[in-house]
Amino acid sequence: MACPSSCGFCFSAGYRAARTSGRLMATDLIKSLLQAWAAAGVRLIRFDGGGDPLSHPDLPALIEHCDALGLRTAVLTAGDLLAPRQFAAFIRARTYMRISLNAATDATRAALHGTSPARHGVRRILDTVAQLDAQRRAVFGDEAGTLMPLGATSMIHPGNATSRLGPGSRHAPPSGPRWRDGTPAAHFHAERRHAADRGEPQPVQPVPGRRVRVPIR
C-alpha cells in the first residue's frame, strides 16, 4: 500500500491515510506466499495494489525469486520510482511492465497524482522508460515486444479531460514492438476534439518525432 503519489482517485486512499506505518508486506512473507502459490500451480504473479509496487525496496529481489520459481511476472506502476538499478531483474525475468501516465504535462500529472514535477515529472518518467526499452531491445532484439512487453496507459479523468473529449474516447492498441527508434513517449491532448460529427474518435496525438499509441482506460 506504500506509494509516492496521493491520487484523488485512489481506491485505497482512506486506508493509507489511516495507516501511517506498516504499508509494506514483509519480504519473507511475500516469498513464502510465492513459494506456496507456485506449488499450487500459479504461473503468473502481477505486482500492483493500492499503492505502487516499486515502493517496496525488495521488489527486484522478489522478481528474481519469482523467476527462480518459474513464475512469470508483471508490474503495474506509475513509474515515479522506476530506476535503472531495477532493470536487470526485470529484463532477466522478462517482466511485463505497464506504466500509468495519466497526463502529458507535469502540471496535469501533479494535479492528478499529487507528486512533485521536479522529482516525478512526465519527461523524467518517459526518459527512464526509454532507457528500459533500449536495454530490453539490446537483450531481446526484435522479439523484445513479445518476450518482455512494455506498455503505457492513460485514463480519462475530470482532471485531464474536458467535456469536449466526449464518450467516444479511443481505445488504441498497446504500442509494444511498434515503438520507433527504441524511444517510447506518450502525449495526451485532453483539449483535442473528437470527430464526433463523423462518429470517429480522434486517436491519441503522438509527440513530434516519436510514435506511440496509449490505451485510454
Side-chain angles (χ1 to χ4, degrees), residues 1-5 7 10-12 15-16 19 21-102 113 115 119-120 124-153 174-177 179 182-186 212 215:
M1 291 292 180
C3 188
S5 300
C7 303
C10 180
F11 67 84
S12 68
Y15 172 90
R16 291 190 293 110
R19 189 174 183 128
S21 64
R23 295 177 180 173
L24 293 175
M25 290 180 67
T27 300
D28 289 343
L29 173 59
I30 299 176
K31 286 184 175 181
S32 67
L33 290 171
L34 292 171
Q35 291 168 345
W37 293 335
V42 171
R43 292 292 174 260
L44 172 66
I45 300 293
R46 187 178 78 179
F47 291 91
D48 59 4
D52 193 309
L54 295 184
S55 296
H56 202 296
D58 292 330
L59 179 65
L62 293 169
I63 293 290
E64 292 174 343
H65 189 66
C66 287
D67 192 38
L69 292 171
L71 296 168
R72 294 301 306 271
T73 48
V75 173
L76 279 58
T77 174
D80 297 312
L81 302 178
L82 187 64
R85 66 180 180 275
Q86 305 156 346
F87 293 175
F90 295 151
I91 292 172
R92 278 196 299 268
R94 302 181 181 185
T95 301
Y96 164 52
M97 300 292 298
R98 195 186 81 184
I99 315 298
S100 299
L101 292 171
N102 300 327
H113 287 234
T115 51
R119 294 185 58 196
H120 307 304
R124 190 208 64 80
I125 294 171
L126 292 176
D127 287 345
T128 307
V129 173
Q131 293 177 52
L132 175 58
D133 182 46
Q135 290 192 29
R136 69 164 186 155
R137 287 178 182 277
V139 174
F140 301 122
D142 292 339
E143 298 299 314
T146 301
L147 297 177
M148 182 188 168
L150 176 60
T153 61
S175 53
W179 287 3
T183 309
V212 66

Can you tell me how far the [atom1] atom of [X] sits from the [atom2] atom of [Y], to the nearest 0.5 Å?
{"X": "Arg72", "Y": "Cys66", "atom1": "CZ", "atom2": "SG", "answer": "11.5 Å"}
{"X": "Ile30", "Y": "Trp37", "atom1": "CD1", "atom2": "CH2", "answer": "8.5 Å"}
{"X": "Ile91", "Y": "Leu132", "atom1": "CD1", "atom2": "CG", "answer": "5.5 Å"}
{"X": "Phe90", "Y": "Glu64", "atom1": "CZ", "atom2": "CD", "answer": "10.0 Å"}
{"X": "Ser100", "Y": "Arg98", "atom1": "OG", "atom2": "CZ", "answer": "5.0 Å"}
{"X": "Leu69", "Y": "Ile45", "atom1": "CG", "atom2": "CD1", "answer": "9.0 Å"}

Is there side-chain contact between [X] and [Y], with heavy atoms separated by less than 4.5 Å?
{"X": "Phe47", "Y": "Leu59", "result": "yes"}
{"X": "Leu33", "Y": "Met25", "result": "yes"}
{"X": "Pro4", "Y": "Asp52", "result": "yes"}

Show the nearest heavy-atom pair for residues [X] and [Y], with the distance to one decimal.
{"X": "Gln131", "Y": "Pro84", "value": "OE1-CG, 3.5 Å"}
{"X": "Arg43", "Y": "Ala38", "value": "NH1-O, 3.8 Å"}
{"X": "Leu54", "Y": "Leu82", "value": "CD1-N, 3.5 Å"}
{"X": "Ala78", "Y": "His113", "value": "CB-CE1, 4.0 Å"}
{"X": "Ala89", "Y": "Ile63", "value": "O-CG2, 3.7 Å"}
{"X": "Pro60", "Y": "Gln86", "value": "CG-CG, 4.1 Å"}

Counting N and O atoms only, with roles assigned by atom type, does the side chain of [X] sit under 3.5 Å from a partner on the main chain of [Y], one being a donor and the other an acceptor?
{"X": "Arg136", "Y": "Met148", "result": "yes"}
{"X": "Thr95", "Y": "Met97", "result": "no"}
{"X": "His56", "Y": "Leu24", "result": "no"}
{"X": "Ser55", "Y": "Ala2", "result": "yes"}

Side chain to side chain contact (heavy atoms under 4.5 Å, CB included) evaluation trace for Val75 with Tyr96
CA-CA 6 Å; Val75 173; Tyr96 164 52; over 6 Å; no
Would Asp80 and Thr115 count as having a side-chain donor-acceptor pair, cut-off 3.5 Å?
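Short answer, no.
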For a side-chain hydrogen bond (donor to acceptor under 3.5 Å, both in side chains) check, start with the C-alpha distance between Thr128 and Arg124, then their side-chain angles and the critical distance, and finish with the verdict.
CA-CA 6 Å; Thr128 307; Arg124 190 208 64 80; 3.3 Å; yes
Side chain to side chain contact (heavy atoms under 4.5 Å, CB included) assessment of Leu44 paired with Thr73:
CA-CA 6 Å; Leu44 172 66; Thr73 48; 5.6 Å; no
Go through Leu101 and Ile125 one step at a time and tell me if the side chain to side chain contact (heavy atoms under 4.5 Å, CB included) criterion holds.
CA-CA 9 Å; Leu101 292 171; Ile125 294 171; 4.1 Å; yes
